Amino acid sequence: MPREKVSVREIAEFVGVWLLVYGVRLLPRWLARAIGAAIGAIAFRGLGRLRRVGLRNLELAFPEMTAPKREATLRSEYRNLGLLLAEFCKMPDYTAATASRFIRYEGLENYLKAREKGKGVLVLTGHLGAWELSSFYHSLMGMPMGMVIRRLDNPLVDGLVNRIRCLHGNRVIHKDDFARGLIASMRAGETVGILMDTNMTPPQGVFVPYFGVLACTASGLARIAARTGAAVLPGFLLWEESEKKYVLHFGEELKVVHTGDSEQDALVNTATFTAAIEAYVRRYPEQWLWLHRRWKTRPAGEMGIY
């Protein structure tokens, strides 16, 4: 349950975040994005520990990539994060008409077909591209969804962020109420997006390959899909430089195996979902969150990676 009391430090953090969000919101979008890109560049130079984590991750995922290319990819990722910050601050002002000037769908028919089955839709996504903007745009277009989100440590900031996320009908399902909330949503035929590309620990996580290296990965989505019969399909909002637009990609529905062995099915399906995420990251490596210690949890007896 969320805490009732907040500290002076948390109040100060909230004020700083509020000033940033509403200060950037007042700017034209082009200027907000330029400032976001500059913040990303400063962060790349200033956050040495995270930069080292990012380069290590790129070394694991793309061993054939040259060191200069890895650095350039990581620099682009920080720029993408800065742009996402700017877009988040501007989101309260976006309408379906204005957002559609710089966002378009690709594969929307895959989503609509999955939704028509009536058993709910689990959108498999991750920290790739403009993940905050993706569900927001979907709600702007009249298709609100649930989002499985970890509570932020500062409850005041958590509330502010969630109010923006949910302006047009989206709702938050906190990870501490994960299973019950998801099952209820699927039984109601709703759509829920799940970020499934972060490091986990057993027993919530199982080890499956990610870029050829075993990664402890949340198996909850696979278990809920098997239990409810919900459709699972990838969904990512990615920047297309050639168009100067974001494209909200919905991939084809992923096959969920049912053999009767629930643990083996969870492992196989989680591996399938993780491979789908990897395929998108390989296409857009400069837009994935490489600074996250994705391979932190190791199988028993294996040395640490970081």
Side-chain angles (χ1 to χ4, degrees), residues 54 56-65 69-70 72-74 76-77 80-81 84 103-114 121-135 137-138 148 191-200 205-222 224-226 230-243 245-257 265-295:
R56 175 62 172 140
N57 283 339
L58 282 162
E59 181 182 28
L60 288 170
F62 297 103
E64 74 286 355
M65 189 180 286
K69 177 62 175 175
R70 288 182 197 131
T73 300
L74 190 61
S76 295
E77 182 223 331
N80 180 67
L81 291 175
L84 178 55
I103 305 175
R104 69 171 178 85
Y105 280 108
E106 185 169 293
L108 180 61
E109 67 277 6
N110 294 325
Y111 168 75
L112 296 175
K113 181 179 178 181
V121 179
L122 294 167
V123 178
L124 171 69
T125 190
H127 297 85
L128 176 67
W131 63 88
E132 289 285 1
L133 186 55
S134 61
S135 56
Y137 179 69
H138 207 46
V148 177
T191 299
V192 176
I194 301 179
L195 296 155
M196 210 188 99
D197 61 346
T198 56
N199 179 70
M200 297 293 290
V206 296
F207 286 98
V208 297
Y210 186 53
F211 285 91
V213 182
L214 288 178
C216 195
T217 306
S219 62
L221 189 155
I224 297 297
V232 180
L233 68 161
F236 297 95
L237 183 63
L238 300 162
W239 178 255
E240 295 290 351
E241 185 63 31
S242 60
E243 300 181 46
K245 282 187 175 183
Y246 288 105
V247 178
L248 181 48
H249 299 261
F250 281 112
E252 294 184 358
E253 182 178 344
L254 300 174
K255 182 179 180 181
V256 178
V257 300
D265 288 351
L267 183 65
V268 171
N269 290 325
T270 300
T272 297
F273 302 158
T274 302
I277 293 174
E278 179 183 325
Y280 278 89
V281 175
R282 284 188 178 276
R283 288 171 59 192
Y284 301 88
E286 71 285 351
Q287 297 185 44
W288 190 63
L289 194 66
W290 294 104
L291 53 85
H292 171 65
R293 292 191 291 175
R294 181 64 182 91
W295 291 275

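What you see is a predicted model, and the numbers here were worked out from it, not measured in a lab. Quick note: numbers below take in every heavy atom, side chains included, and nothing from hydrogens, waters or symmetry partners. Residues take their numbers from the sequence shown, with the count starting at 1.
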Hits for side chain to side chain donor-acceptor pair (under 3.5 Å) against E243, two or more places apart or cross-chain, chain-then-number order -> R104
Validation row: L237, L248 side chains within 4.5 angstrom (heavy atoms): yes
Could you check L289 against E77 for side-chain contact (heavy atoms from CB on, under 4.5 Å), going step by step and ending with a plain yes or no? CA-CA 7 Å; L289 194 66; E77 182 223 331; 3.5 Å; yes
Least distance between heavy atoms, L267 atom then F207 atom: CD1-O, 3.5 Å
Find the distance between CG (L233) and NZ (K113) and round it off to the nearest 0.5 Å. 11.0 Å
Ring pair (Phe, Tyr, Trp, His ring centres under 6.0 Å) with H292: which residues, sequence neighbours excluded? none
Between the side chain of W295 and the main-chain N/O of V213, is any donor-acceptor distance below 3.5 Å? yes
Compare all side-chain heavy atoms of K69 with those of F62 and state whether any distance is below 4.5 angstrom. no
Using side-chain contact (heavy atoms from CB on, under 4.5 Å), reason through L291 and L81 one step at a time and then give a plain yes or no. CA-CA 11 Å; L291 53 85; L81 291 175; 3.7 Å; yes
Is there side-chain contact between I103 and L133, with heavy atoms separated by less than 4.5 Å? yes
Check side chain to side chain donor-acceptor pair (under 3.5 Å) between Y284 and all other residues, then give those that pass, not counting sequence neighbours. E240
As an exercise, state the distance from CG of L74 to CH2 of W290, rounded to the nearest 0.5 Å. 9.5 Å
Tell me if the centroids of the rings in W288 and Y210 come within less than 6.0 Å of each other. yes
Ring-plane angle category for Y246 and W239, please: parallel below 30°, perpendicular beyond 60°, tilted otherwise. perpendicular
Which pair of heavy atoms, one from F273 and one from M196, lies closest together, and at what distance? CB-CE, 3.6 Å
Nearest atoms (heavy-atom pairs only) where L84 meets A130: CD1-CA, 3.8 Å
Beyond-backbone contact of H249 with R283, side-chain heavy atoms, under 4.5 angstrom: yes
Heavy-atom side-chain proximity of F211 to V281 below 4.5 angstrom: yes
Applying side chain to side chain donor-acceptor pair (under 3.5 Å), can you list everything that pairs with N110, at least two apart in sequence or on another chain? none
Under the 3.5 angstrom rule, does the side chain of R70 hit a backbone N or O of M65 as a donor-acceptor pair? yes
Side-chain heavy atoms of W131 within contact of Q287, under 4.5 Å: no
Answer yes or no: is there a side-chain heavy-atom contact under 4.5 Å between V232 and T272? no
Which atom of F236 lies closest to which atom of G126, heavy atoms considered: CE2-N, 3.4 Å
Counting N and O atoms only, with roles assigned by atom type, does the side chain of D197 sit under 3.5 Å from a partner on the main chain of H127, one being a donor and the other an acceptor? yes
Quick one: which residue pairs count as a salt bridge (Lys or Arg N to Asp or Glu O under 4.0 Å) with a foot in residues 245-256, not counting sequence neighbours? K117-E253
What's the separation between atom OG1 in T73 and atom CG in N80, rounded to the nearest 0.5 Å? 12.0 Å
Would you say the side chain of N199 lies within less than 4.5 Å of the side chain of R293, judging by non-hydrogen atoms? no
T125 to I277 - nearest heavy-atom pair and separation: O-CD1, 3.9 Å
For T274 and A271, indicate whether the former's side chain and the latter's backbone hold a donor-acceptor pair under 3.5 Å. no
Could you list the residues that satisfy side chain to side chain donor-acceptor pair (under 3.5 Å) with E278, not counting sequence neighbours? R282
Say whether, by atom type as modelled, one donor and one acceptor occur between the side chain of R294 and the main chain of C216 under 3.5 angstrom. yes
Closest non-hydrogen contact found for A222 with A266 is CB-O, 3.8 Å
